[in-house]
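As structure tokens, the structure follows; a few thoughts come after it.
If you're wondering where the values come from, they're calculated on a predicted model, not measured in any experiment. Scope of the values below: all heavy atoms of this structure, side chains included, with no hydrogens, waters or symmetry mates.
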Amino acid sequence: MATLLGTPYERGKSDVVVSRLVDAPIEEGKVVFDAGKGKVAPMENGKTPFGVMGQNEVVGASVVLSGLGVWALASEDCVPVVGGQVYVTDDGLITSVAGDNTATACAFASEEVRENGVVENVTPKAYNKRCVKINMLEGF
């Protein structure tokens with residue numbers, strides 16, 4: 001079964017999903033920052049993480065601000081440990097490596113790394129993205 005990126009898999013009162021405008025399609029599962037005026041943009045060096053990109057909507061796109069079991073794109077060096085610290089790379093990928101990456105208030109929800117993440121917001125549609133599950137109880 002495919003894994004939809006940028007979706008809280010444990011639904012309930014913990015998840016907050018908002019609609020934001022984008023200048024160009026952003027891959028689901030990538031971390032984005034608040035670009036102001038109701039917009040989000042792909043993560044950049046020195047920016048504060050805002051949420052995980054979700055699916056396109058009629059106007060704009062969904063952004064997950066908090067939730068449980070959110071699958072997000074992972075860096076190649078990411079080795080998740082349940083409850084471990086989540087970091088974000090400058091290009092918006094989730095990693096377990098501190099280094100020069102941005103620390104977050106998120107924790108890994110699983111030690112599993114999947115290679116079947118689905119991305120629809122970019123061309124071509126992909127079913128083979130590396131992803132990990134995180135808990136974003138307090139957002140980033």
#### Entry: Note, P8 side chain near V17 side chain (heavy atom, < 4.5 Å)
yes
### Test side-chain hydrogen bond (donor to acceptor under 3.5 Å, both in side chains) applied to E57 - qualifying residues, sequence neighbours left out
S19, S62
### Query
Is a side-chain N or O of E27 found less than 3.5 angstrom from the main chain of V122, in a donor-acceptor match?
no
### Task
Give a yes-or-no answer on whether the side chains of N101 and T89 include a donor-acceptor pair shorter than 3.5 Å.
no
### Task
Could you tell me whether the side chain of T95 and the main chain of V97 form a donor-acceptor pair under 3.5 Å?
yes
### Message
Taking side-chain contact (heavy atoms from CB on, under 4.5 Å) as the criterion, tell me which of Q55, K129, K30 meets it with L5.
### Response
K129
Indicate every side-chain donor-acceptor pair of residues 31-51 with a distance under 3.5 Å to a residue at least two apart or in another chain.
unit_1 : atom_1 : unit_2 : atom_2 : d
D34    : OD1    : G36    : N      : 2.9
K39    : NZ     : D23    : OD1    : 2.7

### Message
Looking at every non-hydrogen atom in both residues, tell me the closest pair between M136 and L65 and how far apart they are.
### Response
CE-O, 3.5 Å
### Query
Does Y87 reach the side chain of T102, with side-chain heavy atoms less than 4.5 Å apart?
no
### Query
Where do V22 and M53 land on the side chain to side chain contact (heavy atoms under 4.5 Å, CB included) test, with the steps shown first?
CA-CA 10 Å; V22 294; M53 194 69 197; 3.8 Å; yes
### Message
Is there a path of hydrophobic side-chain contacts, each under 4.5 Å between heavy atoms of I/L/V/M/F/W/Y residues, joining V88 to V132?
### Response
yes
### Within-4.5 Å side-chain heavy-atom neighbours: E115 and N128
no
### Summary
In short, A2 meets V118 closest at the heavy-atom pair CB-CG2, 3.4 Å
### Task
Drop me the distance from E76's CD to L93's CG, to the nearest 0.5 angstrom.
9.0 Å
### Task
Measure from the side-chain N and O atoms of N56 to the backbone N and O of A61, and report whether any donor-acceptor pair falls under 3.5 Å.
no
### Query
Rounded to the nearest 0.5 Å, how far does CZ of F140 lie from SG of C106?
4.5 Å
### Query
Which heavy-atom pair separates A105 from G139 by the least distance, and what is that distance?
CB-O, 3.8 Å
### Query
CZ/R130 to OG/S75 distance, rounded to the nearest 0.5 angstrom?
6.5 Å
### Task
Please check if I26 and V63 belong to a single hydrophobic cluster, counting links between Ile, Leu, Val, Met, Phe, Trp and Tyr side chain heavy atoms closer than 4.5 Å.
yes
Would you list the atom pairs, donor with acceptor, under 3.5 Å between side chains in residues 78-86 and any protein atom, with sequence neighbours excluded?
unit_1 : atom_1 : unit_2 : atom_2 : d
Q85    : NE2    : T104   : O      : 2.5

### Query
Which residues satisfy the salt bridge (Lys or Arg N to Asp or Glu O under 4.0 Å) test with E112, sequence neighbours excluded?
R114
### Query
Minimum heavy-atom separation for T3 to W71, with atom names?
CG2-CG, 3.3 Å
### Message
Could you work out, with salt bridge (Lys or Arg N to Asp or Glu O under 4.0 Å) as the rule, every residue matching K125, not counting sequence neighbours?
### Response
E120
### Query
Taking ILVMFWY side chains as joined if any heavy atoms are under 4.5 angstrom apart, and letting links pass through other members, which residues group with L68?
L137
### Summary
Here the pair of heavy atoms bringing A72 nearest to I94 is CB-CG1, 3.6 Å
### Query
With a 4.5 Å limit on heavy-atom distance, are the side chains of Y9 and L4 in contact?
yes
